[in-house]
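Convention: sequence-line order gives letters A, B, ...; per-chain numbering from 1. From a predicted model like this one, the values you see are computed outputs, not experimental measurements.
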Amino acid sequence: MAPGLRQFTERRGDGAGQPVIDTDNGEELMLMFREVSIVIGNGSPESPGTLYISTKKVLWLSDVDRTKGYAVDFLSISLHAVSRDPEAYPSPCIYTQIETGEDEDESEGSDSECSDALDLSKVTEMRLVPSDPSQLDTLFQVFCECAELNPEPVEDNEEEHNWIFSADQLADETAEVEDSEWNFSQNPTSSIGHSNGDHDLVRTVLELQINDHRFEDAEEMEHEHESKGRH
Amino acid sequence: MLFFSYFKDLVGKEVTVELKNDLAIRGTLHSVDQYLNIKLENTRVVDQDKYPHMLSVRNCFIRGSVVRYVQLPPEGVDVDLLHDATRREARGG
């Protein structure tokens, strides 16, 4: 489910500026760090680039090669840590583990392949090496704050929509009324649906309950669906 | 919320956090938030042969959703207190 690491090359302006982020869905740029190298898996450091941290993801864009850049959602970052021990890695860095949804073992032993052939979605480790190590703690803090902004999405909400008949939801989900009227009429506690099984009557009553806010609500719903589609 | 409050009481104590990818990290519990994201200090990896590069990271933030187990310090577990608290939580009050 987690998308893991991926290519990212969408930049603003002439393809040379800041990364294009999803401001429509509330994504904001939190921080920009110049002169940061990136180490993917066990690979060698890639030429200094600029690190961007948004409220949704970590982005790294090469300063040299405009077509080179990576992104990983905070949702996919299992852990991040400050690594200062030269035995662990020669340069002080932010160490991250990435959840790929793949079996761990698959990514092992692929070191010998050249980096072009590297399957980014299987990368489980990433290091970010700032040229100025004194920035590490700040970087770590921002990582923590943004990780907390991205809790696991709650997935089982959708199921419930067909069953709950609060007034709000009736207004929200006029489209689903057709499907759900059967549940409604089968509900023994509902005198309306139970009385004679007249579905048109049920619908009429439902429509009567819909207040004038329905169009606002409908728009909100659309918005929500859009955002779900993109992530 | 029960576990959130419980883990908050463990701040400052040594715990071992086992991740769903089998990595186990031992360290001092620095903080925990409502999503059970866990911050450890003075961490060390339990199985160092398997994860040599994680030999020593000083601070570590672990995403709550990837945690499989948290091994607690025995002195941090008041069984009776937990018993009562879980019962209350189950009753919804």
Please state whether the side chain, the backbone, both or neither of B:Leu19 comes within less than 4.5 Å of a heavy atom of chain A.
-> side chain

Okay, B:Phe61 and chain A: the region with an atom under 4.5 Å from a heavy atom over there is both

For atom CZ of B:Phe4, is the number of surrounding heavy atoms from other residues, nucleotides or ligands below 6.0 Å larger than 12?
-> yes

Should we count CD of A:Gln7 as having more than 12 external heavy atoms under 6.0 Å?
-> yes

Please examine the side chains of A:Asp137 and B:Asn59, heavy atoms only from C-beta on, and report whether any two atoms are closer than 4.5 Å.
-> yes

Hey, does A:Gln97 have a side-chain heavy atom less than 4.5 Å from the side chain of B:Val66?
-> no

Can you give me every donor-acceptor pair (side chain of residues 138-149 of chain A, partner residue at least two apart or in another chain, under 3.5 Å) with its distance?
none

Interface residue of largest heavy-atom contact number with chain A, from B:Gln34, B:Lys20, B:Lys39, under 4.5 Å | B:Lys39

Output every pair passing salt bridge (charged side-chain N to carboxylate O under 4.0 Å, His left out) with a member in residues 60-78 of chain B, not counting sequence neighbours, ordered by first then second residue.
-> A:Glu152-B:Arg63, B:Glu18-B:Arg68, B:Asp22-B:Arg68

CD1 of A:Ile98 to CG of B:Asn21: how many Å apart, nearest 0.5 Å?
-> 12.0 Å

For A:Leu79 against B:Ile62, the heavy-atom pair lying closest together = CB-CA, 4.0 Å

